[in-house]
J.: 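Please find one structure pasted underneath; my questions will follow.
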There are 2 protein chains.
Amino acid sequence: MFTLSEENYLKAIYHLELGNDGGVSTNAIAEKLATKASSVTDMVKKLSEKEVVLYKKYKGVTLTVLGKTVAASVVRKHRLWEVFLVEKLNFSWHEVHEVAEQLEHIKSAKLINQLDRFLGFPTHDPHGDPIPDKDGNLKIVAKSLLSTLSKNESGICIGVDDSSSEFLQFLDKKGITLGKKITILDKEDFDDSLSILIGDKKLSISNKIASNLYIRAHTGQ
Amino acid sequence: MFTLSEENYLKAIYHLELGNDGGVSTNAIAEKLATKASSVTDMVKKLSEKEVVLYKKYKGVTLTVLGKTVAASVVRKHRLWEVFLVEKLNFSWHEVHEVAEQLEHIKSAKLINQLDRFLGFPTHDPHGDPIPDKDGNLKIVAKSLLSTLSKNESGICIGVDDSSSEFLQFLDKKGITLGKKITILDKEDFDDSLSILIGDKKLSISNKIASNLYIRAHTGQ
DNA sequence: ATAAATTTTTAGACAAGTCTAAAAATAATA
DNA sequence: TATTATTTTTAGACTTGTCTAAAAATTTAT
């Protein structure tokens with residue numbers, strides 16, 4: 001069994017490993033968890049004892065198969081709870097993270113399995129991130145950043161890169177939500193801003209925004 | 001804000017105060033929380049500093065108005081989550097306590113208010129215990145122990161005194177659930193056992209069982 | 001009312017998780 | 001490659017919540 005703190009470390013390492021491949025640095029973990037490098041070193045030793053990470057002094061850490069399973073189960077719980085909050089309790093997608101950070105540590109296999117069933121076995125959370133299955137595997141969907149599409153191309157909005165509350169609220173204001181079809185009407189060479197069609201509305205968005213929106217290729221019209 | 005441990009102490013004192021009136025003893029709290037008296041003394045001092053209990057050395061503790069509010073909110077969360085588990089996730093009433101002990105500490109006013117709404121503003125948990133409202137008040141329903149009814153009297157089963165997993169599973173096996181009408185067919189002087197009619201079934205139950213079942217008076221036939 | 005039993009508190013210790021400051025190792029640069 | 005600069009680790013301290021063992025207060029019983 002793992003403590004709340006241990007679970008948070010495993011989750012942080014899990015997320016960092018998906019970005020960089022290879023070992024994760026002490027400092028990277030410290031930054032992600034808003035803690036100090038010395039605390040990370042201490043905890044990483046404990047996790048190594050428990051055989052959930054591989055750790056060589058000064059060489060960073062890697063999750064073991066066991067560690068990856070534990071971390072994925074925490075992520076699974078986090079994302080299932082996010083779906084619950086949005087679908088059943090009328091939370092907005094920018095409000096769910098903080099609460100899910102707490103709910104993800106509740107220990108009960110039956111709870112999470114029944115929740116999964118209750119929600120209709122969702123595959124993605126409200127931000128478009130994939131939900132690991134019981135075994136910790138996640139289905140990767142081919143996706144591109146909106147900013148990489150060319151003029152007249154279109155796709156379905158399926159996720160965000162930056163899921164900060166501010167960004168999500170900005171998207172709400174603009175009417176940009178998951179599942180909507182977006183077509184590039186024009187690209188401005190000057191500042192790489194885009195003119196897009198979403199639903200029946202025309203919008204102009206900056207490159208920064210377009211670089212934080214994931215799109216699934218949309219075949220046919 | 002209160003820690004998990006502080007919330008558990010407040011809840012324990014809250015429940016103990018409902019039983020005994022007057023101050024709650026250090027030992028009683030220690031027993032309820034399966035901890036040691038010395039630990040209770042330490043924590044009670046902290047709670048006193050935070051002005052949620054009144055504490056005089058050797059004289060026991062009492063919740064302040066603030067303390068009672070905090071405790072009631074924890075109890076409210078516990079019982080609402082129990083309803084959720086039974087009504088939405090198909091838990092049996094004997095399985096919910098352990099999970100609710102964890103869920104009751106999740107901090108989010110919106111979460112609990114929306115959960116309340118989602119569940120249709122329930123007034124009682126799956127064991128028949130009342131759910132405190134937002135202000136911590138609970139509606140007391142007049143109830144009697146089944147063992148106090150006389151021959152040919154009847155009532156509606158509305159709660160249990162002992163809500164241990166074993167007792168609840170025993171009731172499941174016998175088909176005794178909340179909301180069912182129970183009629184006393186006969187009382188045995190010898191061992192105070194009862195012959196009862198529940199639904200269309202005749203059962204014989206011991207006095208011990210009858211002393212753990214709460215009944216609401218049933219007017220009319 | 002005094003002695004014995006019980007309850008409660010104090011004193012000191014420990015584990016988990018964190019921190020600061022300093023030392024050691026690694027990486028970057030001239 | 002020698003010297004900075006950066007990263008990482010160690011050492012020691014602190015907080016929270018707990019414990020044991022002993023002292024103090026209260027209650028019970030003779």
J.: When the distance from CG of A:Asp42 to P of D:dA11 is rounded to whole Å, what number comes out?
T.: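 The answer, rounded to whole Å, is 11 Å.
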J.: Look at A:Tyr9 and C:dT18 and indicate whether a side-chain polar atom (N or O) is within less than 4.0 Å of OP1 or OP2.
T.: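 Affirmative; the distance criterion is met.
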J.: Side chains of A:Ser193 and A:Asp191: do they bring a donor and an acceptor to under 3.5 Å?
T.: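 A donor-acceptor contact under 3.5 Å links the two side chains.
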J.: For a quick test of reading the model: is some side-chain N or O of A:Thr3 closer than 4.0 Å to OP1 or OP2 of C:dA16?
T.: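 Indeed not, no polar side-chain atom of A:Thr3 lies that close.
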J.: When you measure from the side-chain N and O atoms of B:Lys46 to the phosphate of D:dG17, is any distance below 4.0 Å, counting only OP1 and OP2?
T.: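 B:Lys46 to D:dG17 OP1/OP2: side-chain N or O found under 4.0 Å.
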J.: May I ask you to evaluate whether B:Asn27 reaches the phosphate of C:dT6, defined as a side-chain N or O under 4.0 Å from OP1 or OP2?
T.: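 For C:dT6, OP1/OP2 do not have a side-chain N/O of B:Asn27 under 4.0 Å.
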J.: Are A:Trp81 and A:Asp125 close enough that a side-chain donor and a side-chain acceptor fall under 3.5 Å?
T.: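 Judged by distance alone, the side chains do not pair up.
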J.: Let me know the distance between CG of B:Leu33 and P of D:dC19, rounded to the nearest Å.
T.: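 Those two atoms, CG and P, are 10 Å apart.
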J.: Rounded to the nearest Å, what distance is computed from the CG atom of residue B:Asn8 to the C1' atom of nucleotide D:dT18?
T.: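 Going from CG in B:Asn8 over to C1' in D:dT18 covers 14 Å.
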J.: With rounding to the nearest 0.5 angstrom, report the NE2 to OH distance, A:His127 to A:Tyr214.
T.: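 Reported value, rounded in 0.5 Å steps: 14.0 Å.
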J.: Let me know the distance between OH of B:Tyr58 and P of D:dA24, rounded to the nearest Å.
T.: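 Computing the B:Tyr58:OH to D:dA24:P distance gives 9 Å.
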J.: Report yes if a side-chain nitrogen or oxygen of A:Lys57 is closer than 4.0 Å to either non-bridging phosphate oxygen (OP1 or OP2) of D:dT10; otherwise report no.
T.: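 Result: yes.
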J.: Please determine, for the side chain of B:Ser38, which listed nucleotide (D:dT18, D:dT7, D:dA21) has the closest atom?
T.: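 Nearest to the side-chain atoms of B:Ser38, counting from C-beta on, is D:dA21.
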J.: To the nearest Å, give me how far apart NZ (B:Lys45) and C1' (C:dT9) are.
T.: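 From B:Lys45 NZ to C:dT9 C1': 7 Å.
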J.: Picking from C:dG17, C:dT9, D:dT9, which would you name as closest to the side chain of B:Tyr55?
T.: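 That would be C:dT9.
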J.: Roughly how many Å is it from NZ in B:Lys59 to P in C:dT8, rounded to a whole number?
T.: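 Distance, rounded to whole Å: 11 Å.
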J.: Between A:Leu4 (CG) and C:dA15 (P), how many Å, whole number?
T.: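 Rounded to whole Å, this separation is 21 Å.
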J.: Looking at B:Tyr55, I'd like to know if the NZ or CZ of B:Lys45 sits under 6.0 Å from its six-membered ring centre while staying within 45 degrees of the ring's axis.
T.: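 Output no; distance or angle outside limits.
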J.: Looking at NZ of A:Lys110 and CD1 of A:Ile112, how far apart are the two atoms once the value is rounded to the nearest 0.5 Å?
T.: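 Reported to 0.5 Å precision, the distance equals 14.0 Å.
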J.: May I ask you to evaluate whether A:Lys36 reaches the phosphate of C:dT20, defined as a side-chain N or O under 4.0 Å from OP1 or OP2?
T.: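 Yes, because at least one side-chain N or O of A:Lys36 sits under 4.0 Å from OP1 or OP2 of C:dT20.
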J.: Please give, in whole Å, the distance from C:dT7 P to B:Glu31 CD?
T.: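 After rounding, the gap between these two atoms is 10 Å.
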J.: What is the nucleic acid contact for B:Thr41, judged by heavy atoms within less than 4.0 Å: base, sugar-phosphate only, or nothing?
T.: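 The residue B:Thr41 makes base contact.
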J.: Which is true for B:Thr26 with a 4.0 Å heavy-atom rule: it touches a base, it touches only sugar-phosphate, or it touches nothing?
T.: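 Sugar-phosphate contact only.
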